[in-house]
Amino acid sequence: MDVMTVATHTFSYLLKHSGDVLSELEHRDVLLERRDGEDVLVSPRHRAEAVKDSLGMAMRVLAGMLSDSELAPRTLRTVTVSIPWTAWLSAPDQEEFFREFVTTARSCNETDYYEPLSRMLYRWKVSAEVMHDPTLSALLVEDRGPDEPVALDRPVL
């Protein structure tokens, strides 16, 4: 059985040895490192579609489990096992997180745009960290006095 790993090459290597890189794509994805921008992951369409289809199926199963009155409580209890930092959230927040996670992941899967899922996970993780750290929590509720207007210079065009 072939174990797929990601090969890494520079973008200039691709330009000089495109045939080698293209034949390598038959067996694994290729990460192209760039000096002037973000790295690029190259993957054949069938592998990218397999990931998308798998995520879609997993999200449909999770959505079905959440909609079942008997399965939902047990499903929600597994959140802290699957995503340990969610243990820092209150029980209602854990439920809200998981429902938002499933809804957002399904929407991302439908649109092929996954940035909203990344942002949503980041926001919830930071919220969990704040809830877990009493110092951060205290800073958020600390009285800072009345708001005062700040004069700003008009921008020069």
Side-chain angles (χ1 to χ4, degrees), residues 1-137 139-140 155:
M1 179 174 167
D2 261 348
V3 175
M4 187 179 90
T5 57
V6 176
T8 303
H9 298 294
T10 62
F11 201 80
S12 58
Y13 181 86
L14 168 69
L15 296 175
K16 294 175 187 173
H17 307 281
S18 60
D20 293 341
V21 174
L22 290 174
S23 56
E24 198 165 16
L25 278 169
E26 296 297 321
H27 306 287
R28 57 186 168 183
D29 295 343
V30 175
L31 180 67
L32 299 174
E33 295 175 333
R34 297 173 46 202
R35 284 179 284 176
D36 62 345
E38 193 171 351
D39 295 346
V40 176
L41 181 64
V42 181
S43 179
R45 177 179 280 177
H46 75 276
R47 281 204 293 268
E49 288 175 351
V51 170
K52 181 183 185 292
D53 292 346
S54 299
L55 178 60
M57 185 177 297
M59 288 304 107
R60 285 191 300 277
V61 168
L62 287 174
M65 293 170 76
L66 285 176
S67 67
D68 183 301
S69 61
E70 291 180 27
L71 287 177
R74 286 184 277 171
T75 303
L76 291 169
R77 281 194 300 270
T78 65
V79 172
T80 57
V81 174
S82 306
I83 309 168
W85 54 260
T86 60
W88 296 342
L89 298 169
S90 66
D93 283 347
Q94 287 176 9
E95 183 174 344
E96 183 181 344
F97 160 77
F98 196 59
R99 290 184 188 285
E100 185 178 343
F101 170 72
V102 171
T103 301
T104 305
R106 290 183 76 191
S107 298
C108 290
N109 188 253
E110 288 293 318
T111 61
D112 286 332
Y113 179 58
Y114 293 90
E115 193 63 32
L117 181 60
S118 176
R119 286 193 307 266
M120 189 244 13
L121 288 170
Y122 175 77
R123 286 192 311 267
W124 274 104
K125 189 173 186 178
V126 169
S127 296
E129 290 171 4
V130 168
M131 293 180 81
H132 183 65
D133 186 337
T135 306
L136 292 174
S137 295
L139 285 172
L140 289 175

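Note: hydrogens, waters and symmetry copies are ignored here, and every other heavy atom, side chains too, is used.
- The stretch residues 49-82 participates, sequence neighbours left out, in no ring pair (Phe, Tyr, Trp, His ring centres under 6.0 Å) pair at all.
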Output a table of donor-acceptor pairs, distance under 3.5 Å, between side-chain atoms of residues 55-68 and any protein atom two or more places apart or on a different chain; print 'none' if there are none.
unit_1 : atom_1 : unit_2 : atom_2 : d
Arg60  : NH1    : Gly56  : O      : 3.3
Ser67  : OG     : Ala63  : O      : 3.4
Ser67  : OG     : Gly64  : O      : 2.9
Asp68  : OD1    : Glu70  : N      : 2.8
Asp68  : OD1    : Leu71  : N      : 3.0

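- For Glu95, the side chain to side chain donor-acceptor pair (under 3.5 Å) partners are Arg99, not counting sequence neighbours.
- Contact of the Asp29 side chain with the Pro44 side chain is registered, since non-hydrogen atoms from C-beta on lie closer than 4.5 Å.
- Take Glu38 and apply the side-chain contact (heavy atoms from CB on, under 4.5 Å) test, not counting sequence neighbours, and it matches no residue.
- Listed by first then second residue, pairs satisfying salt bridge (Lys or Arg N to Asp or Glu O under 4.0 Å) with a partner in residues 15-27 read Glu24-Arg28, not counting sequence neighbours.
- In this structure, CD in Glu129 is found 9.5 Å from NE2 in His132, a value given to the nearest 0.5 Å.
- One distance of note links CZ of Arg34 with CG of Asp39; it measures 8.0 Å at 0.5 Å rounding.
- Scanning for side chain to side chain donor-acceptor pair (under 3.5 Å) contacts around Asp93 gives Ser90, with sequence neighbours left out.
- By the side-chain contact (heavy atoms from CB on, under 4.5 Å) test, Asp112 pairs with Lys52, Tyr114, sequence neighbours left out.
- Ring geometry for Trp124 versus Phe97: interplanar angle over 60°, hence perpendicular rather than tilted (30 to 60°).
- Atom CD in Glu100 sits 10.5 Å away from atom OG in Ser107 (nearest 0.5 Å).
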Could you go through residues 78-86 and list every donor-acceptor pair under 3.5 Å that involves a side-chain atom there, pairing it with any protein atom two or more places apart or in another chain?
unit_1 : atom_1 : unit_2 : atom_2 : d
Thr78  : OG1    : Thr75  : O      : 2.6
Ser82  : OG     : Thr78  : O      : 3.1
Thr86  : OG1    : Val79  : O      : 3.4
Thr86  : OG1    : Ile83  : O      : 2.6

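- Proximity of Leu121 to Leu117: side-chain heavy atoms (C-beta onward) are separated by under 4.5 Å at one or more points.
- In this structure, the side chains of Leu76 and Gln94 stay at 4.5 Å or more apart for every pair of heavy atoms.
- Across Leu139, Thr135, Leu140, a single residue satisfies side chain to side chain contact (heavy atoms under 4.5 Å, CB included) together with Val130, and that is Leu140.
- For Ser12, the side chain to side chain donor-acceptor pair (under 3.5 Å) partners at least two apart in sequence or on another chain are Thr10.
- Taking the side-chain contact (heavy atoms from CB on, under 4.5 Å) definition, one finds that Thr8 meets it with Leu31, Glu33, sequence neighbours left out.
- Atoms CG and OG, from Leu136 and Ser127 in turn, are 11.5 Å apart once rounded to the nearest 0.5 Å.
- Annotation: side chain of Arg77 is in contact with side chain of Pro73 (closest heavy-atom distance under 4.5 Å).
- Legend: residues meeting side-chain contact (heavy atoms from CB on, under 4.5 Å) with Tyr113, ordered by chain and number and at least two apart, are Thr111, Glu115, Pro116, Arg119.
- Not a single side chain to side chain donor-acceptor pair (under 3.5 Å) links Tyr13 to another residue, sequence neighbours left out.
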